[in-house]
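These values consider heavy atoms only, across backbone and side chains, with no hydrogens, waters or symmetry-generated copies. So you know, we letter chains A, B, ... as the sequences are listed, proteins then strands, and number each from 1.
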Amino acid sequence: MNEILNKPSEKKSNFIREIIDEDLRTNKWNGRVHTRFPPEPNGYLHIGHAKSILLNYGLAKDYNGKFNLRFDDTNPEKEEQEYVDSIVEDVKWLGADFENRILFASDYFDEMYLFAIALIKKEKAYVCDLTAEQIRETRGTLTEPGIESPFRNRSVEENLSLFEQMKNGEFPDGTKTLRAKIDMASPNFNLRDPIMYRILHAHHHRQGDKWKIYPTYDWAHGIEDSIEKITHSICTLEFENHRPLYDWYLEQLEVYHPQQIEFARLNLNYTVMSKRRLLKLVQEKFVDGWDDPRMPTISGFRRRGYTPESIINFTDTIGVAKRDALSDFSLLEFAIRDDLNKKALRVMSVLKPLKVVITNYDGEEDIEAINNPEDITAGTRKLKFSKEIFIEQSDFMEVPVKGYHRLFLGGEVRLRYAYIIKCDEIVKDENDNIIELRCTYEQDTKSGSGTSTKKVKGVIHWISANNCVDAEVRLYDRLFTVENPNAEENWLDFINPNSLEIIENAKIEAGLLSAKFPTNFQFERMGYFCIDSKYSSAKKIVFNRTVSLKDSWTKK
RNA sequence: UGCCGGGUCGUCUAAUGGUAGGACAGCGGCCUUUGGAGCCGUACGUGGAGGUUCAAAUCCUCCCUCGGCAGCCA
């Protein structure tokens, strides 16, 4: 488990914590707090789920309560084991401790069936023969009440018999449903005789072919919470209209009755968050799988180099409230930079190399470099310095623009940790491309020597030509070109065609050959990077850029 | 159109009848051998109109506006 999550919390309050404080004061739950995260295993988790996980787990932790991981697997048609596995991995990675309570709604199917019979006996549920289309037609509209089903007043005996036959698989899919008998004139659609069970001759990922009927969300969810003795059943805003039904079922059943509380889901700009749309990006290969580093999935952020701590700090920053919000990506970027600034080892890497020959230097020497100026315990390392080095192409301009204080013809710049060099000559190929710079160094300007009186404005990174290896580096940009692709009907039209830039021949310190995921590095002046866990191999090392360094010059 | 829920700096979020505050982003400066980090400063907001009150983001009324709901999805 990671440290941040287990530290005593100084989180700011929110309306849910106020509810819990009040419940504790009135002893509503005998001092207990028990939350849960109930994903449907039909996709990978995204950062919005991380908000929910961390909210529920954080509450349990801070109030000395418990937190369950429960799969809401009531729809066999969309659910797969692959998703269960990825969800467990992601929740664990975030550090939300469910104490091995991996629960499944499907394990409660027998109990739910019994509860349904109880409702039938109370004359609060009936078997309805209407087709899906007929049910839609009789549900009414926003302004008109619905029409009662002709099957609404079947006898208890007939309902019991029919329901059992449904369970036994005696009817084809869609021919009958079990409906709650509530109020076809309710202004809340959810109370217009909602469906509790549908007939589905489908294979369930855990129950196999045992069941021919499957409970709907509304019927199942409150029972799941009740069985687990959840105190606060936290869900997103779109379930607000479902709360009266949640309450109705539990009241009719006369069982333990948790409180449902709704909060606003997370939205992030320049990305999409719905599972349906994320699935589409994966299936139609707009991205390289659910864990593509451009995806807002937890696995995507992990592969990108984000840390659990950064996501925890981000969710603390955005808080919990009831108003719809579209959070700025920069809030997330701040969280990861802030974390990595403290932790990441600094290394030299030249992404787009330009060869520099130092004409008055011969031989080779070791240059000491600091591994992390924010953490002196990270120590130092030796860099090789020699006659031939590489610098970043963008760190040289033949004719400097105003405000540019790196290298230019006739100009001087400091090589980080090493010497000040002066550019004497540009070597070009037949197409007028700059292929080499010829420079001279000043011996007494060596970094840390104290012998230099010279000051230069610019400091650039570099790498010795005889002590570096090639690497592939992947740079990522936002996935969409519009701030809120969620709001766009034709959202696929706004995919950023330049969201991935692959640099084939970057130069990295030879020591990085042994780097392992998920170690985070800062390539000095270029950003934070980590090994790509999918494509990096002994043959070809691949780095992902987690996030760029904040750079006040390039922004201008 | 019926019901439900919202509207506080550009963004996210506090203040629950008593000084509208914080973070990010922005801007300016200092410092710096990463144009990073750090430090200092600055600017910026209660959707509107009435009302109650010594006092309103907060309570009341009306209006405007945004979101959700008419799956045998969750």
Side-chain angles (χ1 to χ4, degrees), chain A residues 12-15 18 38-40 42 72 74-75 77-78 128 130-132 135-137 139-146 173-179 186-192 194-200 213-214 216-218 220-221 235-244 262 264 266 269 275-276 314 316-335 337-338 341-342 346 348 370 373-374 403-406 414-418 420 445 447-448 452 455-461 522-528 548-556:
Chain A
K12 55 188 171 189
S13 188
N14 59 51
F15 76 99
E18 285 173 15
E40 183 188 10
N42 68 343
D72 205 4
T74 56
N75 184 353
E77 295 182 325
K78 307 193 292 183
C128 181
L130 258 26
T131 63
I135 287 179
R136 190 181 341 111
E137 285 165 356
R139 188 153 24 221
T141 67
L142 292 176
T143 49
E144 307 158 41
D173 285 7
T175 53
K176 284 181 168 49
T177 56
L178 185 73
R179 300 176 72 179
S186 172
N188 184 340
F189 278 98
N190 296 123
L191 300 179
R192 320 247 261 225
I195 286 160
M196 296 163 60
Y197 277 96
R198 70 273 211 189
I199 299 172
L200 244 33
I213 55 173
Y214 286 90
T216 54
Y217 168 86
D218 287 307
H221 205 86
C235 60
T236 45
L237 252 28
E238 69 268 28
F239 292 104
E240 220 154 14
N241 295 339
H242 294 244
R243 184 167 9 105
E262 310 85 17
L266 167 67
N269 61 6
K275 276 193 200 170
R276 210 191 96 248
F314 168 70
D316 286 347
T317 299
I318 57 171
V320 177
K322 291 200 72 163
R323 86 178 74 133
D324 289 309
L326 180 61
S327 292
D328 204 301
F329 213 96
S330 65
L331 294 167
L332 224 201
E333 290 192 332
F334 171 78
R337 284 195 187 102
D338 193 44
N341 178 47
K342 291 176 233 150
R346 272 61 169 175
M348 297 290 203
I370 296 166
E374 306 292 322
Y404 186 85
H405 46 252
R406 287 168 279 169
R414 175 175 290 283
L415 298 173
R416 172 85 157 147
Y417 294 124
I420 291 174
T445 61
S447 184
S452 176
K455 282 265 182 193
V456 288
K457 271 264 185 169
V459 180
I460 63 174
H461 61 284
Q522 184 195 103
F523 291 180
E524 292 218 23
R525 300 207 310 129
M526 304 309 286
Y528 295 100
S548 66
L549 248 33
K550 195 159 63 177
D551 178 348
S552 56
W553 191 79
T554 52
K555 217 177 292 173
K556 284 171 191 165

Rounded distance in Å - [atom1] ([X]) to [atom2] ([N]):
| X | N | atom1 | atom2 | result |
| --- | --- | --- | --- | --- |
| A/Ile195 | B/rA74 | CD1 | C1' | 15 Å |
| A/Leu237 | B/rG5 | CG | C1' | 6 Å |
| A/His221 | B/rA74 | NE2 | P | 11 Å |
| A/Leu326 | B/rC12 | CG | C1' | 10 Å |

Closest nucleotide among [options] to the [X] side chain:
| X | options | answer |
| --- | --- | --- |
| A/Asn341 | B/rG71, B/rC69, B/rA37 | B/rA37 |
| A/Val459 | B/rA37, B/rU33, B/rG71 | B/rU33 |
| A/Thr177 | B/rC72, B/rU34, B/rA14 | B/rC72 |
| A/Lys455 | B/rC72, B/rU16, B/rU33 | B/rU33 |
| A/Phe239 | B/rA74, B/rC72, B/rC73 | B/rA74 |
| A/His405 | B/rU13, B/rA74, B/rG35 | B/rG35 |

Just to be sure I understand the rule, does [X] reach a base, reach only the sugar-phosphate, or reach nothing, if contact means heavy atoms closer than 4.0 Å?
| X | answer |
| --- | --- |
| A/Gln522 | base |
| A/Arg346 | base |
| A/Val320 | sugar-phosphate |
| A/Tyr404 | base |
| A/Leu130 | base |
| A/Gly146 | nothing |
| A/Asn188 | nothing |
| A/Glu240 | sugar-phosphate |
| A/Ile318 | sugar-phosphate |

Do the side-chain N or O atoms of [X] get closer than 4.0 angstrom to the phosphate oxygens (OP1, OP2) of [N]?
| X | N | answer |
| --- | --- | --- |
| A/Arg525 | B/rG35 | yes |
| A/Thr74 | B/rA74 | yes |
| A/Lys550 | B/rA37 | yes |
| A/Arg416 | B/rU32 | no |
| A/Lys322 | B/rG67 | no |
| A/Ser552 | B/rG36 | yes |
| A/Arg198 | B/rG71 | no |

At less than 3.5 Å, do the side-chain atoms of [X] and the base atoms of [N] form a donor-acceptor pair?
| X | N | value |
| --- | --- | --- |
| A/Arg323 | B/rG5 | no |
| A/Glu374 | B/rG36 | yes |
| A/Ser327 | B/rU11 | no |

query: Do side-chain atoms of A/Tyr417 reach the backbone of A/Ile370 as a donor and acceptor pair under 3.5 angstrom?
result: yes
task: Establish, from distance only, whether the side-chain atoms of A/Ser186 and A/Asn188 form a donor-acceptor pair under 3.5 Å.
output: no
- line: Counting primed atoms, P, OP1 and OP2 as sugar-phosphate and everything else as base, the B/S/- map of nucleotides 17-23 of chain B against protein heavy atoms under 4.0 Å is -------
query: Just how far is it from atom CG of A/Leu130 to atom NZ of A/Lys176, taken to the nearest 0.5 Å?
result: 11.0 Å
query: What is the minimum heavy-atom distance between A/Phe189 and A/Leu142, and which atoms define it?
result: CE1-CD2, 3.5 Å
query: Of A/Ala418 and A/Tyr197, whose nearest nucleotide on RNA chain B comes first from the 5' end?
result: A/Ala418
Most 5' of A/Thr175 and A/Phe15 on RNA chain B, judged by nearest nucleotide: A/Phe15
Any-strand Watson-Crick or G-U partner of B/rU19, both distances under 3.5 Å: none
